[in-house]
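Counting convention: from 1, in listed order, for ligands and their atoms alike. The chain is numbered in sequence order, starting from 1.
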Amino acid sequence: MSNPKTLISEAEIKTRVDELAAQISLDYADKGELVLVGVLKGSFIFLADLSRRLSIPRHIEFIAVSSYEHGSVRSGAVRLVMDVRRSIEGKHVLVVEDIVDTGHTLHYLIDMLRSRGPASVRTCTLLHKEHRTEVDVEIDYLGFTIGDEWVVGYGLDYDEKDRTLPYIGAIEPQD
Ligand code: PRP
């Protein structure tokens with residue numbers, strides 16, 4: 001497979017992550033520790049960069065989910081496969097995603113985390129495929145809106161390939 005075509009460059013990502021980190025730092029100033037919940041695996045690079053640019057106290061957690069699939073088609077049902085390690089009760093929580101596609105994953109996570117008595121739950125995603133939305137979710141901090149292309153890099157994969165590309169690339173999936 002040839003190199004993915006650049007959709008969002010490394011420099012564009014860096015600038016946008018700086019802006020998001022500045023906004024989040026402002027919004028949560030004087031609110032105590034912010035719990036960042038990264039959704040594995042795709043968010044790991046975005047979370048690493050975003051969290052290091054915040055100027056507020058923060059605590060890092062990870063969560064992992066799995067989507068039920070029928071063949072290559074996702075059913076929309078989501079299952080928790082790894083939970084956070086600390087209670088989020090009374091805490092301000094920011095869920096960090098690499099991409100919101102249909103919205104099912106984030107919708108499930110918001111509901112689940114809100115049921116645990118946090119002070120607040122907000123969401124941050126680097127990418128949003130808004131035309132693929134099946135369930136509406138609140139996105140509080142958004143990096144970029146993209147089209148329907150298959151994207152890789154900066155944490156996102158195609159069949160576990162290209163996760164560590166430094167930019168967001170678009171590919172033609174091979175069956
Ligand atoms: C991706 C992404 C989100 C989810 C979004 O994860 O990281 O968690 O899909 O899709 P949705 O809005 O349609 O629910 P993926 O299942 O590819 O797993 P990965 O992060 O481990 O690569």
Side-chain angles (χ1 to χ4, degrees), residues 1 3-5 7-8 10 12-13 16-17 20-21 24 34-52 60-85 88 93-116 118 121-175:
M1 200 187 296
N3 276 343
K5 176 179 75 143
L7 193 66
I8 305 169
E10 195 173 352
E12 288 173 305
I13 295 170
R16 193 72 190 110
V17 174
L20 290 171
I24 292 165
L34 177 63
V35 180
L36 297 160
V37 177
V39 186
L40 293 173
K41 299 179 193 172
S43 73
F44 79 111
I45 293 177
F46 179 40
L47 178 67
D49 284 348
L50 183 73
S51 61
R52 287 180 292 175
I60 309 294
E61 289 286 341
F62 286 102
I63 208 161
V65 295
S66 171
S67 301
Y68 289 105
E69 295 184 10
H70 300 302
S72 61
V73 180
R74 290 185 174 189
S75 67
V78 179
R79 178 173 61 100
L80 186 69
V81 295
M82 190 192 90
D83 207 343
V84 296
R85 293 198 183 176
I88 58 162
V93 173
L94 184 63
V95 183
V96 180
E97 266 286 22
D98 52 329
I99 187 166
V100 175
D101 186 353
T102 63
H104 286 290
T105 303
L106 202 51
H107 184 261
Y108 167 86
L109 287 173
I110 293 169
D111 273 3
M112 188 195 70
L113 294 169
R114 284 206 172 128
S115 72
R116 298 178 178 184
V121 177
R122 284 189 185 167
T123 61
C124 175
T125 184
L126 183 69
L127 305 175
H128 183 208
K129 284 188 179 177
E130 64 178 357
H131 296 301
R132 299 227 340 133
T133 302
E134 290 179 11
V135 51
D136 281 325
V137 285
E138 301 152 43
I139 298 174
D140 299 290
Y141 303 97
L142 170 63
F144 304 92
T145 299
I146 61 169
D148 266 359
E149 54 267 284
W150 193 289
V151 283
V152 294
Y154 203 68
L156 293 108
D157 72 308
Y158 173 68
D159 202 14
E160 292 302 325
K161 294 184 189 71
D162 291 328
R163 274 196 203 276
T164 55
L165 277 181
Y167 61 93
I168 300 290
I171 59 164
E172 298 289 327
Q174 317 280 308
D175 288 326

Number the atoms of ligand 1 from 1 as they appear, then name those within less than 4.0 Å of a heavy atom of Ile99, with their elements.
2 (C), 3 (C), 5 (C)
Quick note on ligand 1: atoms under 4.0 Å from a heavy atom of Gly42 include exactly 19 (P), 20 (O)
Could a heavy atom of Gly103 be found less than 4.0 Å from some atom of ligand 1?
yes
Separation of Tyr108 OH from Leu80 CG (nearest 0.5 Å)
4.5 Å
Mind checking whether Asp98 contacts ligand 1 via backbone (N, CA, C, O), side chain (CB onward), both or neither, at a 4.0 Å heavy-atom cut-off?
side chain
Going by the order shown, which atoms of ligand 1 are within less than 4.0 Å of some heavy atom of Asp157?
22 (O)
Lys/Arg N to Asp/Glu carboxylate O, Glu138 vs Arg114, below 4.0 Å
yes
Has the side chain of Glu61 got a donor or acceptor atom that lies under 3.5 Å from a matching backbone atom of Val35?
no
Would you list the pairs meeting ring-ring contact (aromatic ring centres under 6.0 Å, His included) in which at least one residue belongs to residues 124-151, sequence neighbours left out?
Trp150-Tyr158
May I ask you to decide whether Arg163 forms a salt bridge with Asp98, counting only side-chain N to carboxylate O separations under 4.0 Å?
no
4.0 Å heavy-atom contact, Arg163 with ligand 1:
yes
Thr123 side chain vs Val95 backbone, donor-acceptor pair below 3.5 Å:
no
Check each atom of ligand 1 against the heavy atoms of Thr105 and keep those under 4.0 Å away; list them by number with element.
4 (C), 5 (C), 8 (O), 10 (O), 11 (P), 14 (O)
Please name all residues satisfying salt bridge (charged side-chain N to carboxylate O under 4.0 Å, His left out) with Asp136, sequence neighbours left out, ordered by chain then number.
none
Would you mind listing which atoms of ligand 1 come within a distance below 4.0 Å of any non-hydrogen atom of Thr102?
11 (P), 12 (O), 13 (O), 14 (O)
I need the contact type for Glu97 against ligand 1. Using non-hydrogen atoms and a strict under-4.0 Å cut-off, is it side chain, backbone, both or neither?
side chain
Of the backbone atoms (N, CA, C, O) and the side-chain heavy atoms from C-beta on, which set of Val65 has a member under 4.0 Å from an atom of ligand 1: side chain, backbone, both, or neither?
neither
